[in-house]
Amino acid sequence: MFSKVYSAGLQGIDGFLVQVEADVGNGLPGFHMVGYLASEVREAEERVRTSLKNSGFLLSPKKIIVNLSPADIRKDGTAFDLPVAVAVLASYGVINAETLRDQAFVGELGLNGQVKPVRGVLSMVSALREAGRKRCFLPKENVTEGMAVGGIDIVGIEHLTQMTDFLTSEREPGRQWQPCNIPAKEELSPYSVDFSEINGQQLVRRATEIAVAGRHNILYLGPPGSGKSMVAQRIPTIMPSLSQEEQLEISKIYSVCGMLPPGKALLDRRPFRSPHHTISPQAMAGGGRYPKPGEISLASRGVLFLDEFPEFRREALEILRQPLEERKVTISRVNGSCTFPANVLVAAAMNPCPCGFYPDRSRCSCNEEQVRRYLGRISRPLLERMDICVETSPVSYRDLRGGEKGNEPSSLIRERVERAGEIQRRRFAGSGIFFNSEMGNRQVEAYCLLGEKEDELLHKAFQEKRLSARGCHKILKVARTIADLEGEDQIGMNHLCEAISYRDLEEKYWGKGV
């Protein structure tokens, strides 16, 4: 007897519909699975056979063929155990195949029939909903995640026999299955850090606010212990709250990687990823034989903090150049290609020399060649992609002991950032652009108009600093953000001067021009 049930697989961070077909007939008894399967999917033969036996289903020896379609797309993971078991039971007549038409199944089986959680449920349930499935059976631990999608009934199960009870109850009068209740929306927990804890460093605070308001990449440069990492760690506290679309995008990435917190439907905080400088290029951008998201994708819609910037392997940094421009990363392999989001704000921190105190010759023991070699670890093309470069100064004892009272908390800074963000959303409505840093040449020409004096100043900076076209546009985009923070429609001289000043460190430390 032939039967067909529906499930879903993963390709990158997106799900796709999979038809699990089973045929049970006469012939040499055996259990065979086909359909371009990874080793863990093929192992479902033994898991399903043993799980059915230990769940009390005594099935006569038959020739069982299971096909996972489409057969030209590779299937991996253990989420196909449950649909394979259901298809086999339907082929034996234990379950009415007619009741399976609008339903889908996702889950791993233990040898005792227990249904275990799997990764990527958010993406798979989204694909099943788009394919028109009305109901999805999930492991109980994945129910909250599945409910976050909406538009499809979710049934949580713990054991294979519990699922068959659900499916057979519809044929019995007075017994009806009950979908899971939508979980109540959780309140956001407060951040454990705040900008009010940072004393001094007013220039750094200002530059960070501008970077967040326009999603500009920022480089902190200064001596050890001056607060570079401390400021960077507080960037998420001044970023706007996540929209529903952003929550789904971020949560899909973490779900596919199996990194969603237990019982969590959607991530409600912007990611802050701070990989160690020993990270490989593949771990940074994503990859593997069958591509998985890397750190730049795990930080999408949030912050990728690169501490000790020059200590990273050059290959791991250079691999970021294209994703920072395109805000996505495409990993191509023989078996296919996957595109992952990479819409990040990159914050990097570095010392100016190996000992960290250049150009203070009273403390710096590095010679000029050591300094040049150390700074040269950051290539000019990568440095050019940092919109804002700001220098941190040593913290005074008075600042350290809280001599400067009344520092602004993150909540006040976030309010200004959100107002500037609303201006940008209205400006770019319908264009697919949300922040000034994402503007292309056409938008720069339309929204970064300069007066005669401002144009003359930019022309002078362009020649003296030997700016490239990208560097010139970076200045205009930052100036546009500064004007937005002040509620100005036109970029003024003060906005442009401040934006130009954020590229002075390139000339001071790396020489003229980027």
Side-chain angles (χ1 to χ4, degrees), residues 11-14 123 211-212 214-219 239 243 245-246 248-250 252-254 256-257 270-271 273 275 279-288 291-306 309 312-333 336-348 378-388 421 424-425 427-428 430-448 468-478 480-481 514:
Q11 194 169 33
I13 64 168
D14 297 317
S123 298
V212 174
R215 292 299 189 277
H216 303 289
N217 301 324
I218 185 169
L219 172 64
M239 300 181 82
S243 66
E245 293 76 13
E246 288 175 323
L248 281 171
E249 179 184 307
I250 296 170
K252 275 186 178 182
I253 298 170
Y254 279 74
V256 166
C257 295
R270 293 190 180 274
R273 302 292 297 181
I279 189 172
S280 68
Q282 291 75 21
M284 180 71 82
K292 294 292 189 295
E295 287 292 333
I296 193 170
S297 296
L298 290 169
S300 191
R301 303 292 181 180
V303 180
L304 177 64
F305 178 46
L306 305 177
F309 202 29
F312 282 80
R313 292 168 56 181
R314 192 178 187 92
E315 297 86 354
L317 293 180
E318 295 303 312
I319 206 170
L320 296 177
R321 284 161 52 177
Q322 187 175 351
L324 289 182
E325 289 293 313
E326 299 180 354
R327 301 192 180 275
K328 62 182 180 181
V329 56
T330 300
I331 309 296
S332 298
R333 295 291 183 268
S337 63
C338 297
T339 298
F340 303 120
N343 195 348
V344 299
L345 186 160
V346 173
I378 309 301
S379 70
R380 292 299 180 88
L382 182 60
L383 185 64
E384 191 178 55
R385 285 164 170 80
M386 307 306 292
D387 305 41
I388 296 174
Q424 294 169 73
R425 280 190 290 274
R427 176 185 298 136
F428 303 124
S431 66
I433 295 174
F434 299 95
F435 297 102
N436 291 329
S437 62
E438 302 172 10
M439 286 192 289
N441 293 348
R442 185 177 300 175
Q443 288 79 24
V444 170
E445 292 177 2
Y447 302 118
C448 299
S468 67
R470 180 188 284 117
C472 183
H473 282 171
K474 294 283 188 185
I475 290 176
L476 287 171
K477 293 175 185 179
V478 172
R480 179 67 268 170
T481 299
V514 173

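Side-chain atoms of Ser379 and Glu318 form a donor-acceptor pair, as typed in the model, at a separation below 3.5 Å. No donor-acceptor contact under 3.5 angstrom links the side chains of Arg442 and Ser431, judged on distance only. Side-chain contact of Thr330 with Ser337: a donor-acceptor pair under 3.5 Å is absent, judged by distance alone.
Residues satisfying the side chain to side chain contact (heavy atoms under 4.5 Å, CB included) criterion with Ala348, sequence neighbours excluded, are Leu219, Leu306, Phe309, Met386. In this view, Glu315 satisfies the side chain to side chain donor-acceptor pair (under 3.5 Å) rule with no residue, not counting sequence neighbours. With sequence neighbours excluded, the residues that form a salt bridge (Lys or Arg N to Asp or Glu O under 4.0 Å) with Glu246 are Arg270, Arg301. Contacts of Lys474 classified as salt bridge (Lys or Arg N to Asp or Glu O under 4.0 Å), with partners at least two apart in sequence or in another chain: Asp387. In this view, Arg314 satisfies the salt bridge (Lys or Arg N to Asp or Glu O under 4.0 Å) rule with no residue, not counting sequence neighbours. For Arg470, the side chain to side chain donor-acceptor pair (under 3.5 Å) criterion is met by Glu325, Glu384, not counting sequence neighbours. With sequence neighbours left out, the side chain to side chain donor-acceptor pair (under 3.5 Å) criterion links Ser123 to no other residue. In this view, Phe434 and Glu438 satisfy the side chain to side chain contact (heavy atoms under 4.5 Å, CB included) rule, not counting sequence neighbours. Judged as a side chain to side chain donor-acceptor pair (under 3.5 Å), and not counting sequence neighbours, Arg215 has no contacts. For Pro341, the side chain to side chain contact (heavy atoms under 4.5 Å, CB included) test picks out Ile13, Glu249, Ile253, Ser300, with sequence neighbours left out. Applying the ring-ring contact (aromatic ring centres under 6.0 Å, His included) criterion to Tyr254, with sequence neighbours excluded, gives no partner residue. In terms of the side chain to side chain contact (heavy atoms under 4.5 Å, CB included) criterion, residue partners of Ser297 (sequence neighbours excluded) are, by chain and number, Pro293, Val329, Phe340.
Annotation: the span from Met284 atom CE to Ile279 atom CD1 amounts to 4.5 Å, rounded to 0.5 Å. The CD1 atom of Ile319 lies 11.5 Å from the CG atom of Leu324; values are rounded to the nearest 0.5 Å. With rounding to the nearest 0.5 angstrom, the CG atom of Leu345 is 9.5 Å from the CG atom of Leu304. Rounded to the nearest 0.5 Å, atoms OG1 (Thr339) and CD (Glu326) are 9.5 Å apart. A distance of 5.0 Å separates CG in Asn441 from NE2 in His473, rounded to the nearest 0.5 Å. Separating the CZ atom in Arg385 from the CZ atom in Arg380 is a distance of 14.0 Å, to the nearest 0.5 Å.
Smallest separation of non-hydrogen atoms from Pro281 and Ala316: CG-N, 3.9 Å.
Arg327 is not listed as a side-chain neighbour of Val344, based on a closest heavy-atom distance of 4.5 Å or more. Here the side chains of Val303 and Pro271 are not in contact, with every heavy-atom distance at 4.5 Å or above. The side-chain heavy atoms of Gln443 and Cys448, taken from C-beta on, include no pair separated by under 4.5 Å. Between Ile378 and Leu317 there is a side-chain heavy-atom pair separated by less than 4.5 Å.
In terms of modelled atom types and a separation under 3.5 Å, the side chain of Arg480 and the main chain of Tyr447 share a donor-acceptor contact. Within the 3.5 Å criterion, the main-chain N or O of Met439 finds a donor-acceptor partner in the side chain of Lys477.
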Subject >> From CA spacing to verdict: side-chain contact (heavy atoms from CB on, under 4.5 Å), Leu320, Ile296 >> reply: CA-CA 8 Å; Leu320 296 177; Ile296 193 170; 3.6 Å; yes
Original post:
Would Asn436 and Arg427 satisfy side-chain contact (heavy atoms from CB on, under 4.5 Å), going step by step from the backbone distance to the final call?
Top reply: CA-CA 10 Å; Asn436 291 329; Arg427 176 185 298 136; 3.0 Å; yes
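Side-chain rings of Phe435 and Phe428 stay apart, their centers remaining 6.0 Å or farther from each other.
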